[in-house]
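Okay, so here's the structure we're looking at.
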Amino acid sequence: MDPLSKQKFEHYLSLKPEFKSEETLHAYYMAYDQTEEEEYLIVFWREVLTEYFSHVTQKVSLRKSDLVKVFTLHNRKPAGLSAVIDELIKRESFITRDQVLSGDHYGQKQSASITSRLASALYNNTLGWLWGSPPAQSEEDDKSEIVCVEYLKRKADSILHWSHTIGKQVFSEKTLKKYLTQLKLSASDIELLLAHLKHTNSLIQEQVDLGSLKVTLIKLLPNSEEAYEITEKEKAKFILDSNIQSLSDKIEQTVAKIGRLTENIKSMLKLGSKKNALILLQQKKKLETFWEKIQQQKFLLEDQLLNLEELETHSVILDSLQIAEKAGKSLQRDLESYEDLFERIDEQKSAQEQINALFAGKVEQVEEDSVLLDELEQLEAEQVLENGQLTRAVEQQRVNVGQQKVKVEKQQREIDMLERELEELSFADTASQREEVQQKGGAGQMMYA
């Protein structure tokens, strides 16, 4: 194991308390005689191995012997791990490399019995070993590679997503493998991934003639609705792209040669060797003529590629219009159907309006009765209020009349008193006048006398 993988593995183990002591290791390494724990052990090792594939090694396939060696901890060997792996293969959580390459994994399902193999593994690695016979395991079985199905599918999906992201589906086999190598995939894993994509109908291959060469074309199908074939248009685009790239490489090489010849000509002129300089100049002219020709050829191919892409665009537009036209036909109805439909709708609307009018009449009558009752109650309340006010006015009038009567009587008494006082004063004045007259009369008599 390389240092980086070892570091990742140690970090992974630090997160797994099951591997930290010999006591807990016993339950996962040797306790295969307890059949009631069997399913738990299978689930446990499936999760452990899946995480080891995807997070530690990041490889699609590993040897069974390497896995047993990796999980030999505290000098304890996982005696039943080989049997557990066999059971996981039967359950198709893991498969062998040969099953992927041959396509057997993508055929019929296999049974999932494990008891006999676990018992055999327990005996071979414990009691059988104690009795002097080492565990029987063939060299071929020890070197066989197993593949984590979950991680295999995940990596295959990432390749399809990458193809969709860059907007390219058709590659030569050599170019595709070069791209996948840049994604840090080994040649062994690339072979497995391409086989998996092929058996799951996400990849198709076809050979095409490229001049004097036969090239294997690979088409990735990120979308399941894509046509499961390499079309003539895709082949033509690939051939044009390949030839354009080849001409571009030749142009770069030719430009580099012309540059070197130019430098050599200058060197010869400095040395005074005009004859050699003339020969080199002739070669330069030939190369420049050749460069112009291949430049024109490249322009011609690029123009043809643009025409092909333009025709492809027109084809897409035409297909879209045809689909729209078919959809329009499927949705179109004759005029009579529309007229009948509108008549039925008008009848339904008319009936609904009549029903609404009936309900509205009932509602208006109820509302009118309610308004009348409210108005009657209001009038009654006003009448009661007016009666109360009238009663209070009569009572007040009575009070006012009584008060006025008392006042008048009081005033009358005062007048009577005044009249009596006046009479008394008048009587007093009269008496006094009489006395004065009498006095005056007596005095006169006395004078006469």
| request: Apply side-chain contact (heavy atoms from CB on, under 4.5 Å) to the pair Asn201 and Leu221, showing each step before the final yes or no. | output: CA-CA 8 Å; Asn201 296 330; Leu221 303 171; 6.0 Å; no
| Nearest heavy-atom neighbours spanning Leu101 and Ala195 | CD2-CB, 4.0 Å
| said: Are Lys235 and Glu206 packed together at the side-chain level, in the sense that at least one heavy-atom pair is separated by less than 4.5 angstrom? | reply: yes
| Non-hydrogen atoms of Leu197 and Ala156 that approach each other most closely | CD2-CB, 3.8 Å
| Roughly how far apart are Leu261 CG and Met268 CE, rounded to 0.5 Å? | 10.5 Å
| said: Is there a side-chain contact between Gln99 and Ile89 in this structure, where contact means two heavy atoms from C-beta onward sitting under 4.5 Å apart? | reply: yes
| note | Smallest heavy-atom separation, Thr200 atom then His196 atom, equals OG1-O, 2.8 Å
| request: Enter the distance from Ile95:CD1 to Glu145:CD here, rounded to the nearest 0.5 Å. | output: 12.0 Å
| When you measure from the side chain of Thr72 to the backbone N and O of Val68, does any donor-acceptor pair fall under 3.5 Å? | yes
| query | Checking Thr96 side chain against Ile146 main chain: does a donor-acceptor pair fall under 3.5 Å? | reply | no
| Side-chain contact, heavy-atom cut-off 4.5 Å: Leu180 with Leu193? | no
| Are the side chains of Leu62 and Phe94 in touch, meaning some heavy atoms are under 4.5 Å apart? | no
| Just checking, is any N or O donor in the side chain of Asp249 or Gln253 under 3.5 Å from an acceptor N or O on the other one? | no
| said: As a test of understanding, state which of Gln169, Lys177, Lys174, Glu173 forms a side-chain contact (heavy atoms from CB on, under 4.5 Å) with Ile218. | reply: Glu173
| field | Nearest-0.5 Å distance that lies between atom CG in Leu176 and atom OG1 in Thr216 | value | 11.5 Å
| task | Might you work through the side-chain contact (heavy atoms from CB on, under 4.5 Å) test for Thr50 and Tyr151, ending with a clear yes or no? | result | CA-CA 7 Å; Thr50 300; Tyr151 189 58; 5.8 Å; no
| message | With side-chain contact (heavy atoms from CB on, under 4.5 Å) as the criterion, how do Lys293 and Thr289 come out once you've worked through the C-alpha distance, each side chain's angles and the decisive distance to 0.1 Å? | response | CA-CA 6 Å; Lys293 289 181 180 179; Thr289 303; 4.2 Å; yes
| query | Does the side chain of Ile204 reach to within under 4.5 Å of the side chain of Ile230, using non-hydrogen atoms? | reply | yes
| Short N-O contact, Arg97 and Glu191, less than 4.0 angstrom | yes
| Taking only residues two or more places apart in sequence, or in another chain, which ones meet Ser246 in a side-chain contact (heavy atoms from CB on, under 4.5 Å)? | Lys250
| Side-chain heavy atoms of Val215 within contact of Phe238, under 4.5 Å | yes
| Sidechain N-carboxylate O distance under 4.0 Å for Arg344, Glu347 | no
| query | Is the NZ atom of Lys298 crowded by more than 12 outside heavy atoms at less than 6.0 Å? | reply | yes
| Can any side-chain N or O of Ser267 pair as donor or acceptor with the backbone N or O of Glu263 at less than 3.5 Å? | yes
| request: Measure the spacing between CG of Leu240 and CG of Leu306 and express it to the nearest 0.5 Å. | output: 10.0 Å
| request: Quick one: pull up CH2 in Trp45 and CG in Leu88 and give me the separation to the nearest 0.5 Å. | output: 10.5 Å
| task | Compare all side-chain heavy atoms of Ser186 with those of Lys59 and state whether any distance is below 4.5 angstrom. | result | no
| Between Val100 and Tyr106, is any pair of side-chain heavy atoms under 4.5 Å apart? | yes
| Main-chain N/O of Phe299 paired with Asp303 side-chain donor or acceptor, under 3.5 Å | no
| Is the count of non-hydrogen atoms from other residues, nucleotides or ligands lying under 6.0 Å from Trp291 atom CH2 greater than 12? | no
| Closest heavy-atom contact between Ser163 and Phe171? | OG-CE1, 4.2 Å
| query | To the nearest 0.5 Å, what is the distance between OG1 (Thr254) and NZ (Lys286)? | reply | 14.5 Å
| request: Check the pair Cys148 / Tyr52 against side-chain contact (heavy atoms from CB on, under 4.5 Å), numbers first and verdict last. | output: CA-CA 10 Å; Cys148 177; Tyr52 180 73; over 6 Å; no
| task | Specify the closest pair of heavy atoms between Ala277 and Leu269, including all atoms of both residues, with the distance to one decimal. | result | CB-CD2, 3.9 Å
